[in-house]
Number of protein chains: 2
Amino acid sequence: MDLHSDPVWQERKTRAAAWFERLRDDICSAFEAIEQDLESAQSDPAPTRTEAGTFERKTWRRPTKDGTQGGGGTMSIMEGRVFEKVGVNISVVEGKFSPEFAASIPGANEDPRFWASGVSLVAHMQSPLVPAVHMNTRMIVTTQGWFGGGADLTPMRIREEDSQAFHAGLQAACDRHDEAYYPKFKKWCDDYFFLHHRKEPRGIGGIFYDQHNTGDWEADFAFTQDVGRAFLSSYEPIVRAHMNKPWTHDDREHQLVRRGRYVEYNLLHDRGTLFGLKTGGNIDAILMSMPPVVKWPSPLSDISGEIA
Amino acid sequence: MDLHSDPVWQERKTRAAAWFERLRDDICSAFEAIEQDLESAQSDPAPTRTEAGTFERKTWRRPTKDGTQGGGGTMSIMEGRVFEKVGVNISVVEGKFSPEFAASIPGANEDPRFWASGVSLVAHMQSPLVPAVHMNTRMIVTTQGWFGGGADLTPMRIREEDSQAFHAGLQAACDRHDEAYYPKFKKWCDDYFFLHHRKEPRGIGGIFYDQHNTGDWEADFAFTQDVGRAFLSSYEPIVRAHMNKPWTHDDREHQLVRRGRYVEYNLLHDRGTLFGLKTGGNIDAILMSMPPVVKWPSPLSDISGEIA
């Protein structure tokens with residue numbers, strides 16, 4: 001069946017893309033409210049910005065080459081006093097996979113055309129006491145249609161109650177749909193966000209799922225919506241719990257060094273980043289995940305950057 | 001012929017390793033003298049260190065697994081007031097290539113044993129007016145023996161006279177050996193140090209050569225020695241010409257953003273870095289090339305980080 005001309009799938013694409021846009025709006029509103037609600041930041045060094053941030057948007061178009069590419073996206077970026085740098089991308093793109101890529105993508109061998117839409121977010125925080133976070137959900141259509149995504153937390157120093165709360169929020173979203181989801185998607189996340197060259201996890205994990213197609217599109221879409229909502233409702237209280245606490249110079253240095261691990265992960269291991277960079281994706285949108293400031297000190301320094 | 005038990009090659013290995021060590025010593029002495037000779041640094045922001053730096057050393061051993069690995073190296077690291085972070089590594093390692101690697105390495109298919117020694121250097125400078133630099137030379141022995149290496153300059157903003165002087169120094173070293181070398185090795189460098197994802201060169205180039213074996217080992221060794229000397233004699237005057245000039249906040253911000261390109265290159269494209277990280281090399285030694293502080297600002301910012 002040609003899903004690209006099928007009116008049922010046309011409606012599904014429209015609904016999914018509209019959801020990703022709405023989730024983006026909800027997240028941006030919630031994050032701007034957090035910026036407003038900061039009470040104090042008696043910290044060393046002081047945050048690089050003192051005024052509450054607001055999101056700015058920038059739209060990009062995918063280059064159309066031989067009529068085989070199309071679409072584009074919108075980056076929403078905020079550099080604030082709680083969120084040192086947060087980017088929320090939404091995109092709707094369509095085109096044809098090259099034969100090499102088509103071979104590795106479900107349903108693309110018979111027909112290389114694809115449609116993809118999603119929302120992705122990375123937040124790097126001013127306070128070393130507030131974890132960084134990543135969330136992405138997406139819908140892909142070839143001759144098959146499926147969802148993928150997840151959310152994972154990267155604290156600078158582990159606080160057990162934050163980890164438990166974050167995992168519990170995602171588990172509740174999973175369990176509403178299928179009790180088999182959470183253990184499977186949690187393990188998938190732990191396996192995926194791992195720095196093989198250092199034999200270290202990137203953070204404390206979360207969930208990751210891909211090629212998710214149970215045969216019930218409505219259920220799969222509802223699950224993906226719940227993942228987005230659970231991300232926001234799990235992360236927001238963690239930010240608010242810690243954002244007004246003072247931090248020390250050593251906390252900040254450790255944060256800047258740990259961010260190096262984030263860069264190493266994204267440029268060495270992250271399949272989405274590498275896929276985007278190697279296929280001529282929008283560089284600004286792909287590298288919006290890079291932290292605003294990072295340090296790699298001398299290996300003789302006593303700042304290890306390891307998670308602890 | 002088994003080069004690993006041949007006394008002629010044994011002596012060659014010893015001489016090459018001793019040269020790399022001596023070049024390391026000469027470079028460290030010259031760089032420490034530069035640190036002493038800094039006159040002023042009326043700059044915004046001020047350099048992060050005000051005292052003249054000195055090199056510290058750290059030795060590492062390569063893990064021996066099933067008796068197939070061996071050797072180690074020494075990192076020399078200085079965090080100074082001219083050299084914000086400079087690392088000079090020397091190493092002598094031997095072992096057996098895995099079958100996958102052996103297939104891509106000259107002479108290793110018949111016999112996977114290898115011996116390798118070299119010196120490698122990356123310098124990131126306090127002043128945005130002083131170019132960063134990279135140099136590496138090495139000797140490899142399988143069932144064949146060869147040299148490789150090069151040097152390349154990464155200015156933050158291009159100054160034509162620096163570029164010409166750096167290229168001229170390397171060209172003079174090449175021309176003493178073979179007038180065909182410089183054009184070939186300069187092009188190789190331009191092709192190699194290129195950020196494909198951004199379609200940007202990493203810097204202004206220099207020379208790069210590999211699998212260099214003319215059949216006259218003495219001549220090839222003399223050439224490799226000359227490359228090391230030419231690197232030092234070309235780079236030192238460029239540092240001294242600019243290190244006492246004041247810089248502005250905007251100069252420094254541009255430098256920190258341009259350093260992001262260096263990170264992207266090393267983690268996305270540099271074959272040596274990826275080879276080392278994927279084969280269990282010493283992470284501290286491999287990632288000593290990372291800049292001490294780096295920024296990736298919002299894509300809405302007006303700091304592009306492009307070389308100009």
Side-chain angles (χ1 to χ4, degrees), chain A residues 48 53 55-58 60 75-80 84-87 89 124 195-200 253 256-257 259-270 273-274 276-301 304-305, chain B residues 48 53 55-58 60 75-80 84-87 89 124 195-200 253 256-257 259-270 273-274 276-301 304-305:
Chain A
T48 47
F55 277 94
E56 289 185 73
R57 289 189 180 171
K58 185 178 182 178
W60 52 273
M75 298 180 270
S76 299
I77 306 123
M78 178 165 71
E79 293 178 295
E84 189 172 341
K85 179 181 171 190
V86 53
N89 283 317
H124 296 286
L195 281 74
H196 298 278
H197 64 295
R198 292 187 182 270
K199 300 180 179 61
E200 283 176 23
E253 288 296 302
L256 297 182
V257 175
R259 284 178 176 172
R261 308 293 213 271
Y262 213 93
V263 172
E264 292 172 24
Y265 181 83
N266 280 19
L267 297 181
L268 287 170
H269 304 299
D270 188 64
T273 302
L274 299 178
L277 291 177
K278 285 176 182 176
T279 54
N282 184 281
I283 290 187
D284 285 340
I286 297 165
L287 294 183
M288 223 163 62
S289 61
M290 294 289 111
V293 193
V294 187
K295 288 192 176 182
W296 278 272
S298 158
L300 298 179
S301 125
S304 81
Chain B
T48 47
F55 277 94
E56 290 185 73
R57 289 188 180 169
K58 185 176 185 180
W60 53 272
M75 298 180 268
S76 300
I77 307 122
M78 179 165 71
E79 294 179 296
E84 188 172 340
K85 179 181 171 192
V86 53
N89 283 316
H124 296 286
L195 282 75
H196 297 278
H197 63 296
R198 291 187 184 271
K199 299 179 181 62
E200 282 177 22
E253 288 295 303
L256 298 181
V257 175
R259 284 178 176 172
R261 308 294 214 269
Y262 213 92
V263 172
E264 292 172 23
Y265 181 82
N266 280 19
L267 298 181
L268 287 170
H269 304 299
D270 188 64
T273 302
L274 299 178
L277 292 176
K278 285 176 183 178
T279 56
N282 184 281
I283 290 187
D284 284 342
I286 297 165
L287 295 183
M288 224 165 60
S289 61
M290 292 291 111
V293 192
V294 187
K295 288 192 175 182
W296 278 273
S298 157
L300 298 180
S301 126
S304 82

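Residue numbers start from 1 in every chain, and the chains themselves are labelled A, B, ... in the order their sequence lines are given, proteins ahead of strands.
- Between chain B and the residues A/H197, A/M290, A/E84, the largest count of heavy-atom pairs under 4.5 Å involves A/M290.
- Heavy-atom pairs under 4.5 Å with chain B peak, among A/H124, A/K58, A/E79, at A/E79.
- For the options A/I286, A/V293, A/V257, heavy-atom pairs under 4.5 Å to chain B are most numerous at A/V293.
- Residue A/L195 holds its CG atom at 5.0 Å from NE2 of A/H269, rounded to the nearest 0.5 Å.
- In this structure, NZ in A/K295 is found 3.5 Å from CD in A/E253, a value given to the nearest 0.5 Å.
- Residue B/L277 touches chain A through both its backbone and its side chain, counting heavy-atom pairs closer than 4.5 Å.
- Counting heavy atoms from C-beta outward, B/V294 and A/W296 have side chains that approach closer than 4.5 Å.
- Contacts between B/R198 and chain A at a heavy-atom distance below 4.5 Å involve backbone atoms as well as side-chain atoms.
- Proximity to chain B (any heavy atom under 4.5 Å) is shown, for A/E264, by both the backbone and the side chain.
- Put simply, the side chain of B/K85 does not reach to within 4.5 Å of the side chain of A/P297, judged on heavy atoms.
- Side-chain contact between A/D284 and A/N89: absent, with no pair of heavy atoms (C-beta onward) separated by less than 4.5 Å.
- Contacts of A/M78 with chain B are absent, with no heavy-atom separation under 4.5 Å from either backbone or side chain.
- Counting only heavy atoms from C-beta outward, the side chains of B/L274 and A/L268 approach each other to under 4.5 Å.
- Heavy atoms of A/E56 lying under 4.5 Å from chain B belong to its backbone as well as its side chain.
- The distance from the CG atom of B/L300 to the CZ atom of A/F55 is 11.5 Å, given to the nearest 0.5 Å.
- Looking at A/L256, there are no atoms closer than 4.5 Å to chain B (heavy atoms on both sides), in backbone or side chain.
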